[in-house]
Amino acid sequence: MSDQHSFETLAIHAGNTADPLTGAVVPPIYQVSTYKQDGVGGLRGGYEYSRSANPTRTALEDNLAALEGGRRGLAFASGLAAEDCLLRTLLTPGDHVVIPNDAYGGTFRLFAKVVSRWGVDFSVADTSDVTAVRAAITPRTKAIWVETPSNPLLGITDIAAIAGVARAAGARLVVDNTFASPYLQQPLALGADVVVHSTTKYMGGHSDVVGGALIVNDPELAEELAYHQNAMGAVAGPFDAWLVLRGIKTLAVRMDRHSENATKIADLLTRHPKVTQVLYPGLPEHPGHEVAAKQMKAFGGMVSFRVVGGEDAAVHVCNRAKLFTLGESLGGVESLVEHPGRMTHASAAGSPLEVPADLVRLSVGIESADDLIADLTQALG
């Protein structure tokens, strides 16, 4: 499919060719481990074993590449599996990475507790500050890692600016695009080398699948990643790939509604007497608002806020919510609420990435905004 088509068209059609046998308009779930060969080495379509390649996963990977404007997409069993494959492909013992001071707790745990054990060092920097990132770089820096918007403080990084810093340092720029999705932001076009996704979130969109993805433009890096994907084996299963493909078809319309609802929620929270700070890139007073407006189509469905009364009050809000389901993860059609300090970011406690104890994070769904506002109002008391 031509990359000249609109995003909405690509989301539905890229990688989703009709089944040549039956004409089915949705790619079949190839729930198969091995494939008949026409003589030794005579592979049909290049398929021999589903860890190496599977037609349903291929459809998803082609779709992901099209949506991010990349040459190659790779689908994994989870977002952290994708990150692990990337780090072990890019890095060797003695290398160094700059990571954000506001990152997903699982990403920090991977660096601090796993990757560091085989001799890779990292430094923490505020990636919204170009000078701070430049200062954190060492002669051993091989990658700069960015989340924008970040999790859970919704920090914004100027991707094009940091891409320039990375190029000057001879390092790769990795951008976790999970919060924005490719509908709202396309990091490769802004100079990133690798895009990371937890497809569990907005790409799947229905809280029924766990997955991850990497998308790149560099053919050599793509081959190296594909080699490690096969060698390490944490691939997306065919049914999981099918579920993500299904979710992506409605990504554009869902992200429009997520963003619309989140804007209304953020407006409510800015006026509530029990809220001390609202973190949402769509607010003019949000740090990085101008950068977000420049590099994003809209501001997404994630909102964080801090409350009067500290940690106990934040936990109380989470427990009182009814329509907002108390739970980890994000990006589904249903709204979620969580306390990052005790939940998704507990692994960052005591580190430079520790989040404020009075912070509440919302994944704003696509329900009626009026109903969501009513629920938050009662939860805040």
Handout entry: Check: Y280/T270 side-chain N/O donor and acceptor closer than 3.5 Å
Key = no
Handout entry: Heavy-atom donor-acceptor pair, N177 side chain to V195 backbone, under 3.5 Å
Key = no
Exercise for the section: Say whether L87 and Y104 are linked into one hydrophobic cluster, either directly or through other cluster members, by side-chain heavy-atom distances under 4.5 angstrom. Expected result: yes
Practice task
Please check if any side-chain donor atom of E68 sits under 3.5 Å from a side-chain acceptor atom of H197, or the reverse.
Solution key: yes
Handout entry: Pairwise salt bridge (charged side-chain N to carboxylate O under 4.0 Å, His left out) hits with a residue in residues 221-243, at least two apart
Key = R72-E223
Problem - Side-chain donor or acceptor of E354 paired with backbone N/O of G350 under 3.5 Å - result: yes
Handout entry: L64 vs I248 side-chain heavy atoms within contact, under 4.5 Å
Key = yes
Exercise for the section: Using the ring-ring contact (aromatic ring centres under 6.0 Å, His included) rule, take H258 and Y202 through it: C-alpha gap first, then chi angles, then the decisive distance, then the call. Expected result: CA-CA 10 Å; H258 284 300; Y202 287 109; 5.1 Å; yes
Practice task
Spell out, yes or no, whether F122 and V165 are grouped together once hydrophobic residues are joined by side-chain heavy atoms under 4.5 Å, including indirect joins.
Solution key: no
Problem - Expected output: side-chain H206 to main-chain V244 donor-acceptor under 3.5 Å - result: no
Practice task
Could you tell me whether the side chain of S198 and the main chain of G79 form a donor-acceptor pair under 3.5 Å?
Solution key: no
Practice task
Starting at CD of Q229, measure out to CG of L225 and round the result to the nearest 0.5 Å.
Solution key: 8.5 Å
Practice task
Kindly indicate, with the supporting measurements, whether the criterion side chain to side chain donor-acceptor pair (under 3.5 Å) is fulfilled by T325 and E334.
Solution key: CA-CA 8 Å; T325 300; E334 66 289 312; over 6 Å; no
Problem - Salt-bridge criterion met for D218 and R172 (N-O under 4.0 Å) - result: yes
Practice task
Measure centre to centre between the rings of H286 and F299, then say whether the value is under 6.0 Å.
Solution key: no
Practice task
Compare all side-chain heavy atoms of L359 with those of P152 and state whether any distance is below 4.5 angstrom.
Solution key: yes
Handout entry: Heavy-atom check, side chain of V307 versus side chain of K274, under 4.5 Å
Key = no
Handout entry: V194 with V120, same ILVMFWY side-chain cluster at under 4.5 Å
Key = yes
Exercise for the section: Locate the shortest heavy-atom distance separating T148 from V146; write the atom from each residue and the value. Expected result: CG2-CG1, 4.0 Å
Practice task
Determine, for D370 against K264, whether the closest basic-nitrogen to carboxylate-oxygen distance falls under 4.0 angstrom.
Solution key: no
Problem - Between Y183 and D256: side-chain donor-acceptor atoms closer than 3.5 Å - result: yes
Exercise for the section: Step through the shown structure and confirm whether more than 12 heavy atoms of other residues, nucleotides or ligands are within 6.0 Å of CD on E220. Expected result: no
Problem - T344 versus E338, side-chain donor and acceptor atoms under 3.5 Å - result: yes
Handout entry: Working for side chain to side chain contact (heavy atoms under 4.5 Å, CB included), residues L279 and F305
Key = CA-CA 6 Å; L279 302 171; F305 62 98; over 6 Å; no
Handout entry: Single-linkage hydrophobic cluster V133~L353, side-chain heavy atoms < 4.5 angstrom
Key = no
Handout entry: Shortest non-hydrogen contact from R254 toward G204
Key = NH2-O, 4.1 Å
Practice task
Examine distances only and state if a side-chain atom of H339 and a backbone atom of V360 form a donor-acceptor pair shorter than 3.5 Å.
Solution key: no
Handout entry: Any side-chain heavy-atom pair of P281 and H289 under 4.5 Å
Key = no
Exercise for the section: May I ask you to test the D158-K294 pair for a side-chain heavy-atom distance under 4.5 Å? Expected result: yes
Exercise for the section: Report yes if some heavy atom in the side chain of V32 is under 4.5 Å from a heavy atom in the side chain of N54; otherwise report no. Expected result: yes
Exercise for the section: Answer yes when E61 and R57 have at least one side-chain N-carboxylate O distance shorter than 4.0 Å, and no when they do not. Expected result: yes
Problem - Steps toward side chain to side chain contact (heavy atoms under 4.5 Å, CB included) verdict (V275, V308) - result: CA-CA 6 Å; V275 175; V308 175; over 6 Å; no
Practice task
State, with a plain yes or no, whether a side-chain heavy atom of E328 is found less than 4.5 Å away from one of L336.
Solution key: no
Exercise for the section: Considering only NZ, NE, NH1 and NH2 on the basic side and carboxylate oxygens on the acidic side, decide whether D121 and K142 come within less than 4.0 Å. Expected result: no
Exercise for the section: Treating Ile, Leu, Val, Met, Phe, Trp and Tyr as nodes and any side-chain heavy-atom pair under 4.5 angstrom as an edge, say whether F179 and V210 lie in one connected cluster. Expected result: no
Practice task
Check whether more than 12 heavy atoms from other residues, nucleotides or ligands sit under 6.0 Å from atom CD of E8, and answer yes or no.
Solution key: yes
Problem - Flag side-chain contact, heavy atom, 4.5 Å: F324 against V317 - result: no
Exercise for the section: Take R246 and D208, measure what salt bridge (charged side-chain N to carboxylate O under 4.0 Å, His left out) needs, and give me the verdict at the end. Expected result: CA-CA 11 Å; R246 182 204 59 176; D208 56 8; 2.8 Å; yes
Problem - Donor-acceptor under 3.5 Å (S78 side chain, A81 main chain) - result: yes
Handout entry: Minimum heavy-atom distance V124-P352, with the two atoms named
Key = CG1-CB, 4.2 Å
Handout entry: Backbone of H13 reached by a side-chain donor or acceptor of N63 within 3.5 Å
Key = no
Exercise for the section: Please confirm whether the backbone N or O of H316 pairs with a side-chain atom of N319, one donor and one acceptor, at under 3.5 Å? Expected result: no
Problem - Between T157 and T127: side-chain donor-acceptor atoms closer than 3.5 Å - result: yes
Practice task
Could you walk me through whether D102 and E147 pass the side chain to side chain contact (heavy atoms under 4.5 Å, CB included) test, one step at a time?
Solution key: CA-CA 8 Å; D102 175 27; E147 287 183 19; 5.8 Å; no
Exercise for the section: Give a yes or no answer on whether the side chain of T141 reaches the backbone of T138 with a donor-acceptor pair at less than 3.5 Å. Expected result: yes
Exercise for the section: State whether a side-chain donor-acceptor pair under 3.5 Å links E48 with T34. Expected result: no
Exercise for the section: Verify side chain to side chain contact (heavy atoms under 4.5 Å, CB included) between R257 and N261, making sure each step is shown before the conclusion. Expected result: CA-CA 6 Å; R257 183 62 172 267; N261 280 358; 3.5 Å; yes
Practice task
Check side-chain hydrogen bond (donor to acceptor under 3.5 Å, both in side chains) between Q378 and all other residues, then give those that pass, not counting sequence neighbours.
Solution key: R320, D375
Exercise for the section: Check whether any side-chain N or O of E367 sits under 3.5 Å from a backbone N or O of S335 as a donor-acceptor pair, and report yes or no. Expected result: yes
